[in-house]
Protein chains: 2
Amino acid sequence: MYEGPVQALIDELGRLPGVGPKSAQRLAFHLLGVERTDAERLAGAILAAARDVHFCRRCFNVAAAEECRICRDAKRDEAVLCVVAEPRDVQAIEKTGEFRGRYHVLGGLIVPIDGITPDKLHIAELIRRLGEEPVTEVVIALNPTVDGETTASYLRRQLADLDVSVTRIASGLPVGGDLEYADQITLGRAFAGRTSM
Amino acid sequence: MYEGPVQALIDELGRLPGVGPKSAQRLAFHLLGVERTDAERLAGAILAAARDVHFCRRCFNVAAAEECRICRDAKRDEAVLCVVAEPRDVQAIEKTGEFRGRYHVLGGLIVPIDGITPDKLHIAELIRRLGEEPVTEVVIALNPTVDGETTASYLRRQLADLDVSVTRIASGLPVGGDLEYADQITLGRAFAGRTSM
């Protein structure tokens, strides 16, 4: 055991996901070695984020105000709503510059074995939004994994009776990928989703 | 780019060693998702460490007071001084329970190509200590790597004219390995089997 404040720092860093005891020690000694102002800036960023960052009351993206930057942006197309699992998915889609609509962040995927049932996600809020906002298309952009497929199927059933078209982002070969090394399911999807050119 | 405080947190976390942009994002969203008190405890531990942890004025180990716990401990054998590169090496050796003397932390290894010349390390302070304290044996416990060997050779030459026997830990540590990652038994054996140099 190190002396009090050193061990306390190692313990706290070790609670972060993916940070084991050795990494926590390495990070702690890094922080002990940098300028005190650098350590204070990191601590300040953590405190500011804990204090100022909320989830957007409308779409559940991270937000520094009551609503996130995208929900506040009047230039976004309010007819198209993209459903994602996590705020970082919003970020990934924004980077493409291909989407000008708004988002709805579920806060995860349905995984019953982990206790994540539909009522734990922001699905009721999604359905409420569809009744209040002039949305004509819901684009489902969930990971093409078992949990993502489960959640997408559930959403499709929930949205079936509403007056919106439900689409999902294409699954297929990644750009720059190699047909020879693609797995069978991906290649099968790429065939099923072929488009005219 | 995320909204202000989120991006600031990601940027600060990304400055940590071994934390790339994706890891920084993952850690940031973890911190945004935990209880606010948990985030505050981490920030508090960083601030407390930056404020309260110094380097022992005698041995340059990490210390919460002017001198570290080991230097303050009157029961330690002041005749044997163990020279290590980093505070975490002190920790690794303490865990073996094989050593009851005191330490001297160099603060690194001699690596001229990186600008780490002997004057950048606490070598002058080591020689001063040997003049002031009743040390009869100096145990060199540096990594058995090129940099460690270089530093050990330099120390042996510097200490040659002094009235102390110079030993080094030897058997047990695999060549090219890292002292920090050695298991306790191996490191303990290395201590028991130290040889004169």
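Values below: all heavy atoms of this structure, side chains included; hydrogens, waters and symmetry mates excluded. Every chain is numbered from 1 and lettered A, B, ... according to where its sequence line falls, protein lines coming before strand lines.
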Asks: Please check if A:Leu121 and A:Leu159 belong to a single hydrophobic cluster, counting links between Ile, Leu, Val, Met, Phe, Trp and Tyr side chain heavy atoms closer than 4.5 Å.
Replies: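 Both belong to a single hydrophobic cluster.
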Asks: Is A:Leu9 in contact with chain B via its backbone, its side chain, both, or neither, using a 4.5 Å heavy-atom distance?
Replies: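 Contact with chain B: backbone and side chain both.
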Asks: Shorter than 4.5 Å, heavy atoms on both sides: which option in A:Ala65, A:Ala48, A:Gly4, A:Ala49 has the most such pairs with chain B?
Replies: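 Greatest number of close heavy-atom pairs with chain B: A:Ala49.
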Asks: If you group Ile, Leu, Val, Met, Phe, Trp and Tyr by side-chain heavy-atom gaps below 4.5 Å, do A:Val53 and A:Phe55 land in one group?
Replies: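 Shared cluster, yes.
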Asks: Can you find a heavy atom in the side chain of B:Leu126 that is under 4.5 Å from one in the side chain of B:Leu155?
Replies: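 Side chain of B:Leu126 against side chain of B:Leu155, heavy atoms only: contact under 4.5 Å found.
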Asks: Could you check which of A:Leu31, A:Leu27, A:Val90 has the highest count of heavy-atom pairs closer than 4.5 Å to chain B?
Replies: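 Highest number of heavy-atom pairs under 4.5 Å: A:Leu27.
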Asks: Given that the side chain runs from C-beta out, which part of A:Ile10 has a heavy atom under 4.5 Å from chain B: side chain, backbone, both or neither?
Replies: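 Answer is neither: A:Ile10 stays 4.5 Å or more from chain B.
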Asks: At a cut-off of 3.5 Å, what donor and acceptor atoms pair up between chain A and chain B?
Replies:
from    : atom 1 : to       : atom 2 : distance (Å)
A:Met1  : O      : B:Arg69  : NH2    : 2.6
A:Glu3  : OE1    : B:Ala64  : N      : 3.2
A:Glu3  : OE2    : B:Arg69  : N      : 2.7
A:Glu12 : OE2    : B:Arg41  : NE     : 2.9
A:Pro17 : O      : B:Arg26  : NH1    : 3.4
A:Lys22 : NZ     : B:Glu180 : O      : 2.7
A:Arg26 : NH1    : B:Pro17  : O      : 3.4
A:Arg41 : NE     : B:Glu12  : OE2    : 2.9
A:Ala64 : N      : B:Glu3   : OE1    : 3.2
A:Arg69 : N      : B:Glu3   : OE2    : 2.7
A:Arg69 : NH2    : B:Met1   : O      : 2.6

Asks: Hey, are the side chains of B:Cys82 and B:Ile93 touching, using non-hydrogen atoms and a 4.5 Å cut-off?
Replies: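 Side chain of B:Cys82 against side chain of B:Ile93, heavy atoms only: contact under 4.5 Å found.
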Asks: Same hydrophobic cluster for B:Ile123 and B:Val111, using side-chain heavy-atom links shorter than 4.5 Å among ILVMFWY?
Replies: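 Yes.
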Asks: Do B:Leu81 and B:Leu109 sit in one hydrophobic cluster, given that two such residues count as connected whenever their side-chain heavy atoms are within less than 4.5 Å of each other, even indirectly?
Replies: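 They do share one cluster, since a chain of ILVMFWY contacts under 4.5 Å joins B:Leu81 to B:Leu109.
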Asks: Report the C-alpha separation of B:Leu142 and B:Leu106 in whole Å, then their side-chain angles, then the decisive distance to 0.1 Å, and conclude whether the side chain to side chain contact (heavy atoms under 4.5 Å, CB included) test is met.
Replies: CA-CA 10 Å; B:Leu142 301 176; B:Leu106 295 179; 4.1 Å; yes
Asks: Can you tell me which portion of B:Ala28 sits under 4.5 Å from chain A's heavy atoms? Options are side chain, backbone, both or neither.
Replies: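 Neither; nothing under 4.5 Å.
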Asks: What residue in B:Gly44, B:Pro87, B:Gly107, B:Ala8 has the most heavy-atom pairs under 4.5 Å with chain A?
Replies: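 It is B:Pro87.
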Asks: For B:Leu42, is it the side chain, the backbone, both, or neither that has a heavy atom closer than 4.5 Å to a heavy atom of chain A?
Replies: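 Both the backbone and the side chain of B:Leu42 come within 4.5 Å of chain A.
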